[in-house]
Every structure is written in C-alpha cells, then in structure tokens.
Amino acid sequence: MSSSLVKILLCLVCFTLFVYVRSKEEEESCELGSERSARYLLYDVNPGEGFNLRRDVYLRIANLVRKLNQFDNWVLVLPPWGNLYHWRNVPRGTYFPWKAYFDMPSLNKWIQVMEFEDYVKVHGPRIRSAYVLQHYDEEWSGNWQEKYDERPCVNEHSFIFREEDEIWHGMKWGTVLEMQQLKCLSVQGYASSLLPLLTKEDDSRSIYLRRSETVLHDDFGGQWYWSARRSMRFAASLLKEAQRFRHEVLNSDDTHDKTQVKDDWRDTKPEHGTALGGPYISVHLRRRDFVHARNSEIPSLKKAAKQINQILKRENLTTVFVATDAPAQEVEELRTLVEGVLVVYEPSTEVLQRGGDGAVAIIDQIICSHARYFTGTYESTFSFRIQEEREIMGFQVETTFNRLCGKNAKCEQPAKWKISY
Ligand SMILES: Nc1nc2c(ncn2[C@@H]2O[C@H](COP(=O)(O)OP(=O)(O)OP(=O)(O)O)[C@@H](O)[C@H]2O)c(=O)[nH]1
Ligand SMILES: *[C@@H]1O[C@H](CO)[C@@H](O)[C@H](O)[C@H]1NC(C)=O
C-alpha cells in the first residue's frame, strides 16, 4: 500500500471518529426530548371554538406539559390551524403551522413544542392512546370535586375502529390518524387533574387529548399563566408587517411609544406605566354574530362612534385605529360618524397567503395593543388577547381594560387581569 493511500485512509478513520464523537456530544446536549426518552402529548380543541379561545387552551395544556416534565421528558405537539368557523379567506382543508403565527424559539423557552407535521415526519400519523375529554353526564351532586373517570362517549366522535387491524382511524388536520387505543373520559377539573392518568401509562409514548377545552386553567392569572402567555410571541414576519403599518400610517414606533421589549421574554418582568403607546386610540369592534348573540351589550355603530369620539377628545388625539370583523359598508358608515381619522388595516394578498385570516387577526391585535388607549368588545376573547399584550408591554391598566357599552344601562367594564407577581 502506498504511503499516501495509508494517509488518506487514516484521515478517513479520523474524520469518521470525529463525526461520531460530535454527534454523541450533540445527542447528550439535547437530552431533553431526545428521540429515545421523549413522550409526546397531542391535543385539540372543539372545532367550534375560535382562534383566540384556542390560544387560551394552549396555555392550559402547555402548563400541564410543564408539570409532566417533572416525571418524564414531554414534547407538546401543536395542532395545525385550519377549518375555523370565522375564517372566511381560508379554504376548508387548508392548515397553517404554528410558525406562521408564533415565534417557535420563544415557545420553546417555556416548554418543548413541535409542529404536528414534524411529528408525522418522524413517527408517522400514529398515536398510542387517545382520550376524548367530556363533561360528566350525571346528575349534578352539588359538591364540586376534581375527578375523571372512563365513561361511555357522550358525544359522537369521528374515529372508527377497524377490526382487521384493531386500530382506530380518523381524519384530523388533513391526515388519517391511527390510534391503538381510544377512550372517552369524563373530567371535572384542571389541566393538572390529568397528571395521574398521563404519568401512570408510561408505556404510552404518545397520548392525544381531544376536546382539551374541557379542563380548566391550573393557575389562571398566576405566574405560570403569564409565563406561558409571554412565551407566545408573534412570528417575526407579522410583527414586521404591523411595525411597517404603524410607522407609515400611524406615526408609531417602539422607541417613541416606549414599547420596546427584550429579545428574551424571560429577561424582564413587565412594569405598569412604562409603556406610552402610539399617537392613536384603538378599538376592537366585534360585529357579525356578536350583534345578534349579545344584542344588549354590543353598541349600534352610532353609539360606538359616540364613545370613540369621547375617548378621542379625552385623550387629545385625532386618530382611531379600528380592528373589526365588520363588513366593509359598516366600516364606511362608522367612518362618517367618527370625528377624526378612522384607520383600518387592509391585508395584501401576500399576507393572506402566508397566514390567512389568522395573520390578519394578529396584525390587527399588534396594532391595537400599541395604541395610547384601547377599548374592546364585551366578552370577546379577541379583545382579551389584546389586553394581555398590553399588560405584557407595561401599559397603565386604565388604558387597557375597557370596553364599548351597548344599550344595556349597566355597563360593567372588563375585569383587570393584571400581571401581579
Ligand atoms: N382581522 C380581524 N379579525 C377579527 C376581528 N374580530 C374578529 N375577527 C375574526 O373573528 C374571529 C373571532 O373569534 P374569536 O377569535 O374566537 O374571538 P371572539 O370575538 O371571542 O369570538 P367567539 O370565539 O365567537 O366568542 C377571529 O378569530 C377573527 O378571525 C378583528 O378585529 N380583526
Ligand atoms: C389633554 O389636554 C388638556 C388641555 O391641554 C390637558 O389638561 C389634559 O391633561 C390632556 N389629556 C391627556 C390625556 O393628555
């Protein structure tokens, strides 16, 4: 053998060893959730629920995963976004991953998360055990206690058991899921009430909780709630688009508005009164189904305009940004009634393609949350999410927890869910 060939061979051996050692190191350094030890929690929410309640359910389940991590390494598999009742610009069957809306590295700073499509790439559409959560069908006994029991299914579910392979099959998120086991579980309690169930079955590497809105927050408004909520930062592309609009149309930027945030949300605790907001007021005006469903709490356009005009005057401002699901002619009617400049955000086709109605909703929410003063709609989860954004940025609570009044004489203002830990 020539000496140069020996050298080449030696080099090859060295290089292979090097690569091997490197990959070993990497394996150890990402032990948390490494292929070998990870367990996966999948979940979904009642298909009838909207975008912003689904975001709330994420917080409940994220903090369940946080607690599960005391026992094992759990990864939360994120349910794709699609088939939402209110989304008129997204065809049924089109799904968006979480990264279209949220900053994945930021979510991962609270718990380990993974897109459903990535789960399928590695494990296929296979899940070990599925539980359909439901409320108890039994007579209310009067005393509330935390509990869960396996029960016959109260509602119909779309999964079918196929004898030939003894596996449950069902369509979800545009994929045919295969589940080895499926049970219905009556639950009364918090997300963490399910801890015994999930830690007991340690041969189930993947567990799927359907109808997760059935369980309550462990710690609504507490430190864990707010940490999980703060980890839900928006995707950079949406922030950038909102920033462009604020700058070009509303003369608003983070330096002047005092709304700068640290790159890592864990580095600061929000402080009330530090944020000023841009030189405009913002309104979330929920219309459509709310006009009928909450008739006495939703103002007419005339009454809404009257309240907007009062706020503009009080705040010495002339511009109002309106986020709304109203049809265009209602916006035009409102425009004629407002004594000031009414601004709405009109998405480009590019934005709609990238994230559909969800992207527009988030951009509207970002713009609303940066205003000097905000007022929302009675019991709208869309408004609640804006209030939380403002809390996180450190606005004075008086500029945040407000809502428009309807014809009901008694007009209670929203509860002040403050960050107070
Ligand atoms: N872009 C935009 N979309 C809105 C606005 N208001 C409502 N929508 C749309 O309508 C949906 C409202 O449903 P949710 O997000 O669940 O909020 P909600 O107002 O509490 O409504 P419900 O879930 O029906 O109680 C949003 O997800 C949006 O798709 C708005 O101001 N701007
Ligand atoms: C608006 O202007 C008036 C008169 O200049 C002033 O008294 C008031 O404090 C201002 N209000 C706000 C919210 O800045």
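Each residue takes its place number in the sequence, starting with 1. The analysis underlying the following values was restricted to heavy atoms, covering all of them including side chains, and did not include hydrogens, waters or symmetry mates. Just so we're clear, the structure is a prediction, and the values are computed from it rather than from any experiment.
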Under 3.5 Å, is there a donor-acceptor pair linking the side chains of [X] and [Y]?
X: Ser106; Y: Ser231; value: no
X: Ser186; Y: Gln134; value: yes
X: Glu241; Y: Tyr345; value: yes
X: Ser383; Y: His284; value: yes

Measure from the side-chain N and O atoms of [X] to the backbone N and O of [Y], and report whether any donor-acceptor pair falls under 3.5 Å.
X: Arg66; Y: Trp110; value: yes
X: Asp267; Y: Asp263; value: no
X: Asp103; Y: Arg233; value: no
X: Gln413; Y: Arg403; value: yes
X: Arg372; Y: Ser282; value: no
X: Arg126; Y: Glu178; value: no
X: Gln188; Y: Gln145; value: yes
X: Ser212; Y: Tyr43; value: no
X: Asn108; Y: Met104; value: yes
X: Arg54; Y: Glu49; value: yes

Aromatic centroids of [Y] and [X] separated by under 6.0 Å:
X: Trp417; Y: Phe384; answer: no
X: Tyr58; Y: Trp81; answer: no
X: Phe159; Y: Trp168; answer: no
X: Tyr131; Y: Tyr208; answer: no
X: Phe161; Y: His169; answer: no
X: His217; Y: Tyr225; answer: yes

Test salt bridge (charged side-chain N to carboxylate O under 4.0 Å, His left out) applied to Arg385 and Glu389, step by step:
CA-CA 6 Å; Arg385 299 292 88 85; Glu389 266 333 288; over 6 Å; no
Between Asp257 and Arg246, is there a salt bridge with N-O shorter than 4.0 Å?
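Asp257 and Arg246: salt-bridged.
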Considering only NZ, NE, NH1 and NH2 on the basic side and carboxylate oxygens on the acidic side, decide whether Arg287 and Asp325 come within less than 4.0 Å.
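No salt bridge links Arg287 with Asp325.
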Give the table of side-chain donor-acceptor pairs shorter than 3.5 Å for residues 89-96, with sequence neighbours excluded, one pair per line with atom names and distance.
from, atom 1, to, atom 2, distance (Å)
Asn89, ND2, Asp357, OD2, 3.0
Thr94, OG1, Pro91, O, 3.3
Tyr95, OH, Asn83, ND2, 3.3

Just how far is it from atom NE2 of His123 to atom CE of Met114, taken to the nearest 0.5 Å?
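The CE atom of Met114 is 5.5 Å from NE2 of His123, to the nearest 0.5 Å.
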Could [X] and [Y] be counted as a cation-pi pair, given that NZ or CZ must be under 6.0 Å from the ring centre and within 45° of the axis?
X: Arg286; Y: Phe290; answer: yes
X: Lys418; Y: Phe401; answer: no
X: Lys269; Y: Trp226; answer: no

Do Leu209 and Leu42 have side-chain heavy atoms sitting under 4.5 Å apart?
no
Walk me through whether His370 and Tyr280 qualify under side chain to side chain contact (heavy atoms under 4.5 Å, CB included).
CA-CA 9 Å; His370 284 82; Tyr280 60 99; 3.5 Å; yes
Looking at residues at least two apart in the chain, or sitting in another chain, which of them share a ring-ring contact (aromatic ring centres under 6.0 Å, His included) with Phe321?
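Residues passing ring-ring contact (aromatic ring centres under 6.0 Å, His included) with Phe321: none at all.
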